[in-house]
Amino acid sequence: MARYIVRRLLWMIPVLFFISIVTFALAHAVPGGPFDREKPLPAEIVANLNKYYGLDQPLWKQYTDYIGLTRNPAGEFAGVLEGKFGPSYSSRSRTVNDIFRDHLPVSATLGLAALAIAVGMGVPLGVLAALKQNTFWDYLSMAVAIFGVSVPVIVLGPLFILIFALTLHWFPVAGWGRPSQMVMPSFALGLGSSAIIARLTRASMLQVIREDYIRTARAKGLSERMVIIRHALKNAFIPVATILGPMFAALVTGTFVTEQIFAIPGMGKYFITSITNRDYPVVMGTILLYAVFLVLANLVVDITYAFLDPRIQYE
Amino acid sequence: MLHKKRLFGLLTILMVLAIVLSGCAKGKATATEINLNLGTEPPTADPALATDTTSVQVDELLFLGLTDFDDKTLEVIPELATEWSVSDDGLTWTFKMRKDVYWVKYEPGKKPKKMRKVTAHDVVYGVKRTLNPETASDYAYVDYIIKNAEKVNTGELKDLDAVGVRAVDDYTVEFTLEQAAGYFPGIAGMWVNRPQPQEAIEEFGDKWTEPGNIWVNGPYLLETWEHENRMVMVKNPYYYDAKNVSIEKINWAMVVEASTAFAMYENGELDVAAVPLDDMDRVKADPQLSKELYIAPMLCTYYYGFNVTKPPFDNVKVRQAFSYALDRQKLIDTVLKGGQKPAKTFACPGIFGSPAEDPNFEGITFDPAKAKQLLAEAGYPDGKGLPEITLMFNTSEGHQKIAQFAQQSWKENLGVEVKLANQEWKVYLKTITEDAPQIWRLGWCADYPDENNWVLEVFHPTKGANRCKWNPDDPAAKRFMEVVEKAAASSDPAERKKLYFEAEKILCVDQAIIIPLYYYTRVVCTKPYVKRTYAPLGGEHIDKWTVEPH
């Protein structure tokens, strides 16, 4: 297992390298530059800005400077390999590292809370629906799930604000920092994912509870609770675990719409605004960050398989 | 029994939660605090680097300029400078400065510290730092009127001291200009020319604007800056006019989503908020909110430009016909709904030299009969024989609605089918700068309230961006250039007004290079306990506001 993990971690290097090249090329291939303004800047000022940020260098050199393989115009190795993700063109006093430091913990907190809600609601709902198939409980669970899937955060967020903040005055409308400000965004974000998990759990449970080994377990005289939790749910959880990986990466690295609606200082905004601003180092930084989370989350999922299903073994 | 205990425990937790949560629900402000929304994270607090309204708002409260603009009259008024004078040739401006202004450093948790007095040397340092190519300031170009500023900024001259600014003594600063400019006192007070604290900048580099590092001299100190989340400013006890600053603390939120900010306003978490377009009808109908509503003018104009090299808009009559065919008032009443004003000039009311409110300036207003006639005279009766026409705008729901209104109007009033196209903002900017389509949209907001900032800086065929591709050899363009250049150099207000009248007439009527559509407004709600001013140029003077106990 240890060898497997090391091998997977080593594989990350070429994967991230490839992603960085593709992202860099795509970001620069898009027309328009970071200093295009409605009030166009004089060519000299643009030249000053390009020089300041090293954008006057050939593209390959900009890339190797960014990675940290070559010396940047200031004469130093200051790239990703040195742990430096570069400046942000739209905010001179902050670097991409500052952005990670300030906003990643916020997104991660929100994402983890949402994920906890998603799993905490989705799995029991799915199990309930499967066990009580074609009864009122099944329909109710699935109605909740379909609501969650079909009502996007952009609707759910303002709806929550209207009900819980403006009408009931339970929570503040928006902002971040106090526990009361976390409740609405976490639920708005988690509900959609919980619906996906609920539907997946239900489908998977329905398949598993018809298996021979469940009948065997029951025949052995195990309590129903034991049968469901130890035998059925554990096996039914494999497809759910599969989607939890990407879901974790997506939720934890920031969610644009939720953050906008609830005015949360998370990472989500940077994924979008960096592209519209052509803020290349931030584009690179956010994509690489997401890639690292995705690769690691998938690795954890793969390791989890081995615990869930003894038939899966890694050499 | 156990069951009961559990239930009791659960109820206790719920009660505690409810108390805690309801306590958190409303941000309570005492009478000396105000809760406002910056709208977004300010990209910078460095006056040399600010380009956007949010950063300018922050700088307005932290740094004083030599001059400022009166919120009501838009006249240039003294701020750091007590008086100023100009030499006979109009080239040398001398500003006498106050002697009671201090740099203050505030490390949150400690007592604010008086560092030293603000002097003319700080102004000189600030101007030179803005113009230094290494600073790479976006807005350095507004200083190009200062002698050698352009050459230094473009690297043509290496010597920073060649810039036409010097400290005559500790409290007198002198600017030498490239050419006479009657509007210069307004430029002298702009954020890029504010005094900057050399010691802090050299000690902390790019991070000098963070709380604890920053030195300020304005009415407020920077206490907290949680990026993308909130900013807190507290009253500067050493500000020269501190006794007249009533609000002790400003809590800035950074809520981007207008509907969220307005919900916060309705919930009492913000004291001022912009009204989202979708809420406009509701707010106007609400007995309480309608009283709190105020439509304030903004010094901005929304316009459609033509590419005058592309047929059929190489023909002035077609351009005029398209302009006459748009009912601006109807656009405002049915699409925009924000109390905007129909435009007939490029520069909006309030700009010095703008003939927008001059009864002698007729301009182009809605006249479908005349539009039809002009189109027929141009050789396209009822739009017959016209090539395919495209109107392009940057992707946005708002611009789309306006474009659809124009498309419909041209169809109804001229019988012309116009195709709509849109592009993402930066791609769009590249397109309209390099090869603009036949009709395109843009807006323009004043950097300083003078026509020079409009007609010359935007539409001068060689000095502006010239997105209209107006040929500088065209006799009308030549006259336009002559007029705006003469007006820029003149220091006689009456003469300048006359010249700008002519320039606007050439631009918007005689040559119809653009279709001015409307002058912007800002629709805001303010709680009744806030007594406030409105700054048309942006940069609200919150030091002049008061909050009554509520």
Side-chain angles (χ1 to χ4, degrees), chain A residues 30-45 47-53 87-88 90-95 98-99 102-103 106 157-158 161-162 165-166 169-181 183 259-266 269-270 275-278, chain B residues 18 20-27 41-46 49 51 133-138 140-141 144 150 153-155 206-210 226-230 253-257 259-261 263-264 266-267 269 424-431 433 442-444 447 457-458 465 467:
Chain A
V30 180
F35 312 117
D36 289 340
R37 301 273 195 275
E38 187 163 3
K39 306 179 178 187
L41 298 174
E44 304 82 28
I45 304 240
N48 289 345
L49 286 163
N50 282 337
K51 196 169 161 220
Y52 184 88
Y53 288 114
S88 162
S90 48
S91 176
R92 184 83 63 89
S93 65
R94 305 180 73 212
T95 62
D98 292 334
I99 291 173
D102 291 346
H103 306 304
V106 175
I161 291 177
L162 192 68
L166 293 182
H169 299 289
W170 287 3
F171 306 108
V173 171
W176 190 254
R178 301 194 302 259
S180 60
Q181 290 170 321
V183 180
E259 289 174 10
Q260 290 285 298
I261 292 173
F262 292 101
I264 294 165
K269 174 190 167 183
Y270 289 96
I275 296 169
T276 50
N277 291 336
R278 311 289 190 268
Chain B
V20 169
L21 295 180
S22 61
C24 293
K26 283 195 178 183
E41 154 89 3
T44 180
D46 185 336
L49 302 178
T51 58
E134 284 175 17
T135 309
S137 163
D138 274 28
Y141 69 92
Y144 282 4
E150 186 170 1
N153 191 238
T154 54
D206 281 342
K207 304 262 182 207
W208 78 272
T209 50
E210 292 293 313
E226 284 174 21
H227 293 281
E228 303 282 351
N229 193 18
R230 68 194 189 103
M254 299 178 190
V255 183
V256 181
E257 191 64 33
S259 54
T260 302
M264 290 172 78
E266 290 190 76
N267 206 31
E269 294 168 48
E424 185 265 351
W425 178 234
K426 295 258 172 174
V427 180
Y428 175 74
L429 280 181
K430 199 175 161 67
T431 305
T433 305
L442 266 188
W444 182 257
D447 296 316
E457 290 183 13
V458 186
R467 288 172 171 137

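FYI, side chains are in, hydrogens and waters are out, and symmetry mates aren't considered; it's all heavy atoms of this structure. Just so it is clear: chains get the letters A, B, ... in the order the sequence lines come, proteins before strands, and each one is counted from 1.
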Apply side chain to side chain contact (heavy atoms under 4.5 Å, CB included) to residues E266(B) and L166(A) and explain how you reach the verdict.
CA-CA 7 Å; E266(B) 290 190 76; L166(A) 293 182; 4.3 Å; yes
Determine, stepwise, if the pair K207(B) / D98(A) fulfils side chain to side chain contact (heavy atoms under 4.5 Å, CB included).
CA-CA 11 Å; K207(B) 304 262 182 207; D98(A) 292 334; 2.3 Å; yes
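Proximity to chain A (any heavy atom under 4.5 Å) is shown, for A140(B), by both the backbone and the side chain. Both the backbone and the side chain of T276(A) come within less than 4.5 Å of a heavy atom of chain B. At a 4.5 Å heavy-atom cutoff, P158(A) makes no contact with chain B through either its backbone or its side chain. Heavy atoms closer than 4.5 Å to chain B are found nowhere in Y53(A), neither backbone nor side chain. At a 4.5 Å heavy-atom cutoff, the contact between Y144(B) and chain A is made by side-chain atoms alone. With a 4.5 Å cut-off on non-hydrogen atoms, S137(B) touches chain A through its backbone but not through its side chain. Of the atoms belonging to E134(B), it is backbone heavy atoms, and not side-chain ones, that fall under 4.5 Å from chain A. At a 4.5 Å heavy-atom cutoff, the contact between D102(A) and chain B is made by side-chain atoms alone.
Across K269(A), E259(A), K51(A), Q181(A), the residue that shares the most heavy-atom pairs under 4.5 angstrom with chain B is K269(A). With chain B as the partner, the residue from A165(A), G177(A), A47(A) showing the most heavy-atom pairs under 4.5 Å is A165(A). Here K426(B) is the residue among K426(B), M264(B), R467(B) with the most heavy-atom pairs under 4.5 Å with chain A. Each of L442(B), T431(B), D46(B), T44(B) has some count of heavy-atom pairs under 4.5 Å with chain A, and the biggest count is that of L442(B). Listed options T51(B), T209(B), N153(B), V255(B) were ranked by heavy-atom pairs under 4.5 angstrom with chain A; first place goes to N153(B). Counting heavy-atom pairs closer than 4.5 Å to chain A, the top residue among D138(B), V458(B), L49(B) is D138(B). Here P265(A) is the residue among G266(A), G32(A), P265(A) with the most heavy-atom pairs under 4.5 Å with chain B.
Side-chain N or O atoms of R92(A) include one that pairs as donor or acceptor with a backbone N or O of T135(B) at under 3.5 Å.
Note that OG1 of T260(B) is 4.5 Å distant from CD1 of I161(A), once rounded to the nearest 0.5 Å. In this structure, H227(B) NE2 and S93(A) OG are separated by 5.5 Å, a value rounded to the nearest 0.5 Å.
Closest of all the heavy-atom pairs between P43(B) and S90(A) is CB-O, 3.1 Å. Shortest non-hydrogen contact noted between A263(A) and N229(B) is O-OD1, 4.5 Å.
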